[in-house]
Amino acid sequence: MSNTIKRGGFSSSFGVLAATLGSAVGLGNIWKFPSLTGANGGAGFLLIYLLATLVIGLPVMIAEITMGRAAKADPIGTLQKLSPKKSLPWWLVGAAGMLAAFLILSFYSEVVAWVFAYVFKAIGGSILSSDRHVTESAFGALIADPVQSLLWQWGVLAFIGAILLMGVTKGIEGITKKLMPVLFLLLLLLCAVSLTLPKVADGLAFLFKPDFSKITAGVILTAMGLAFFKLSLGMGTMMTYGSYFRDDQNIPATTVRVMLADLFVSMLAGIAIFPAVFTFGFAPSAGPSLVFITIPAVFSQIPGGQLLMIAFFALASVAATGAMLSMMEVPVVILHERWGMSRAKATLLTIAALMVLGSSCALTNSTMASFKLFGMNMFDLFDFASSNVLLPLGGILLALFVGWVWGRDNFQRALSNQGALHNAAVTGAVFFLLRYVSPLLILVVMLKGLGLF
Ligand code: TRP
């Protein structure tokens, strides 16, 4: 029996696209993209993020998926299988991915917790206001309350754990596939409303008219980190999903579609948010709170806004759940396939570890507010260390692995579906990028951004 059937996999070409997109689209689009764009000066940041996505994100995504599909194993096993005998311990890249997964899930689960809490706040109705003091203090009160923050986060983790334990991941993917178009329509509606606000011109200028005076090495690193985070790269998620890909799937075509769709969702979120920021007097640099304070203000402008806002946060919860499941898949599949644990045990262990580690992020605006390492609270530190260090480092090593160890022949054969696709020009270009351009570019951006040279 072939490995594919035994391990399970995506059954249709549309299923592959939907699942991969399900991992990519998440709070990264609705929460991280707008807050980083706002905090880093707008259009200039956006432009660098687009460049990083094209020149670095796309080739690394193709590399990860191709490796996963060729080896059909968990990330550690994939690197072991594709390495020649007696080479360097490349499997460590998979192990580092597991560490990155824990760091990201720790703060991501807290943001998901805010989104879940906002579903209920929206039902209560008190946050629906265009008065910025109302929406700002509502969000401030939520994150400054240690008990609420922790309980919502543990609730989210228990919810995700239950989904995994019941083995209804497939069901969730089915639901995500059906509900995502609705989230998309709601975002379009929000954009339409936002475009009628008085200061729409200021909002759009902020988002689309670059001002390069705000661009520093640190900002460039943040933009590159966002590109990795957005496409779920550098920690084995896409490698794991690649291992579920069908052998006849056209990988370059699939990745380009996922990238474009993902960018489109982020753009919609930006267009929905920035005109409101200027109209209602919010600060674009509000950071992580930006979405939670502006979105209610936009909804307050339309009839039926409360119902739509409930729907918006409920759907954002669904999108976030899909992204979390894909991240969780990395430690769970490693503990299961490498260490021989049952899937149930691997899941419980992962959730338990996250409840402990994640609490340091949940309490970051209350009990542990003054607890800092490297000048950052735990929430910011985990975010920074994963997006700006571990994911890019994973990207460098994976690009080097494909370019110099796995090699051109293996890569091109795998990426052309053993020659069935006549795409030698594309695979050759991607290989060139991976061998020479991506590793060097990522390294320079990283070292400069971290102030190391
Ligand atoms: N891409 C997802 C988002 O934008 C988050 C995500 C899922 C992720 N899997 C990942 C980020 C793996 C980094 C690595 O919300």
Side-chain angles (χ1 to χ4, degrees), residues 18-37 49 52-53 56-58 60-61 63-65 68 74-75 93-94 96-115 156 160 164 169 172-173 176 180 183 187 222-242 244 255 258-259 261-270 288 291 315-334 350 354 382-395 398:
T20 313
L21 197 58
S23 167
V25 173
L27 296 185
N29 307 74
I30 302 168
W31 164 72
K32 209 175 211 276
F33 169 77
S35 45
L36 287 181
T37 305
Y49 162 64
T53 298
I56 295 170
L58 197 59
V60 172
M61 187 172 178
E64 272 202 46
I65 292 177
D74 65 282
V93 181
M98 193 161 149
L99 174 68
F102 277 106
L103 293 185
I104 296 177
L105 279 163
S106 290
F107 71 85
Y108 203 85
S109 60
E110 183 53 23
V111 185
V112 182
W114 299 337
V115 174
V156 166
I160 303 276
L164 283 166
T169 327
I172 287 295
E173 267 167 24
T176 316
M180 278 316 94
L183 178 66
L187 270 175
T222 306
M224 185 177 79
L226 178 64
F228 275 97
F229 188 91
K230 269 312 313 130
L231 294 175
S232 312
L233 302 176
M235 61 160 252
T237 295
M238 282 300 165
M239 213 185 273
T240 307
Y241 271 36
Y244 304 139
T255 46
V258 169
M259 178 197 77
D262 180 68
L263 285 175
F264 192 53
V265 176
S266 295
M267 288 301 133
L268 289 184
V291 179
L315 291 166
S317 313
V318 176
T321 302
M324 267 187 94
L325 288 171
S326 81
M327 264 184 268
M328 212 79 122
E329 186 69 16
V330 171
V332 169
V333 82
I334 288 178
T350 304
L354 282 172
F382 287 9
D383 187 359
F384 185 89
S386 51
S387 299
N388 295 358
V389 182
L390 286 173
L391 300 183
L393 204 58
L398 291 171

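Along the sequence shown, the residues carry numbers beginning at 1. As the structure lists them, so they are numbered: ligands from 1, and atoms in each ligand from 1.
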J.: Shortest non-hydrogen contact from I65 to T255?
T.: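 The answer is CD1-CG2, 3.7 Å.
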J.: Heavy-atom contacts with A323 under 4.0 Å: which atoms of ligand 1 show up? List them by number with element.
T.: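 What qualifies from ligand 1 is 7 (C).
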J.: Heavy atoms only: give me the nearest M238-S232 pair and the separation to one decimal.
T.: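 Taking every non-hydrogen atom into account, CG-O, 3.5 Å.
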J.: Considering heavy atoms of the protein only, find what lies nearest to atom 4 (O) of ligand 1 and give residue, atom and distance to 0.1 Å.
T.: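 Checking every protein heavy atom, the shortest distance to atom 4 (O) of ligand 1 gives K230 NZ, 2.5 Å.
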J.: Compare every heavy atom of A323 with every heavy atom of S326, then report the nearest pair and how far apart it is.
T.: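 Minimum heavy-atom separation between S326 and A323: OG-O, 2.8 Å.
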J.: Which pair of heavy atoms, one from P34 and one from V291, lies closest together, and at what distance?
T.: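 That would be CG-CG2, 4.3 Å.
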J.: Is W31 close enough to touch ligand 1? Criterion: a residue heavy atom under 4.0 Å from a ligand atom.
T.: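 For ligand 1, residue contact (heavy atoms, under 4.0 Å) with W31 is absent.
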J.: Looking only at protein heavy atoms, which one is nearest to atom 7 (C) of ligand 1, and how far off is it?
T.: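 That would be S232 OG, 3.3 Å.
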J.: Which atoms of ligand 1 have any heavy atom of S326 under 4.0 Å away?
T.: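 Result: 7 (C), 9 (N).
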J.: Report the nearest protein non-hydrogen atom to atom 12 (C) of ligand 1: residue, atom name, distance rounded to 0.1 Å.
T.: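 Ranking protein heavy atoms by distance from atom 12 (C) of ligand 1, first comes T237 OG1, 3.3 Å.
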J.: To the nearest 0.1 Å, how far is atom 13 (C) of ligand 1 from its closest protein heavy atom, and which atom is that?
T.: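 Protein heavy atom with the smallest distance to atom 13 (C) of ligand 1: I104 CD1, 3.6 Å.
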J.: Could you tell me whether some N/O pair between L27 and ligand 1 is separated by less than 3.5 angstrom?
T.: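 Yes, at least one N or O pair falls under 3.5 Å.
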J.: Could you report the tightest heavy-atom contact between P392 and S386, atom names first, then the distance?
T.: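 Closest approach of P392 to S386: CD-O, 3.9 Å.
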J.: Around atom 15 (O) of ligand 1, find the nearest protein heavy atom and jot down its residue, atom name and distance.
T.: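 The closest one turns out to be Y108 OH, 2.5 Å.
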J.: In terms of residue, atom name and distance, what is the protein heavy atom nearest to atom 11 (C) of ligand 1?
T.: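 Protein heavy atom with the smallest distance to atom 11 (C) of ligand 1: F229 O, 3.2 Å.
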J.: Considering all heavy atoms of both residues, which atom of D383 and which atom of F107 are nearest to each other, and what is their separation?
T.: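 So the two residues come closest at CA-CE2, 3.3 Å.
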J.: Using a strict cut-off of 4.0 Å, indicate which atoms of ligand 1 neighbour a heavy atom of M235.
T.: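 Every atom of ligand 1 under 4.0 Å from some heavy atom of M235: 12 (C), 14 (C).
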J.: Could you measure the distance from the CE atom of M327 to the OG1 atom of T237? Nearest 0.5 Å is fine.
T.: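 Going from the CE atom of M327 to the OG1 atom of T237 covers 7.0 Å.
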J.: Treating N388 as the side-chain partner and A385 as the backbone partner, does any N or O pair qualify as donor plus acceptor under 3.5 Å?
T.: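 Checked: no pair found.
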J.: Can you sort out which atoms of ligand 1 are near G28, meaning under 4.0 Å from one of its heavy atoms?
T.: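 Per the distance check, 3 (C), 4 (O), 15 (O).
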J.: L233 vs L391, test: side chain to side chain contact (heavy atoms under 4.5 Å, CB included). Steps then yes/no.
T.: CA-CA 7 Å; L233 302 176; L391 300 183; over 6 Å; no
J.: Among all protein non-hydrogen atoms, which one is nearest to atom 3 (C) of ligand 1, and what is the separation to 0.1 Å?
T.: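 Nearest protein contact, heavy atoms only, for atom 3 (C) of ligand 1 is A24 O, 3.3 Å.
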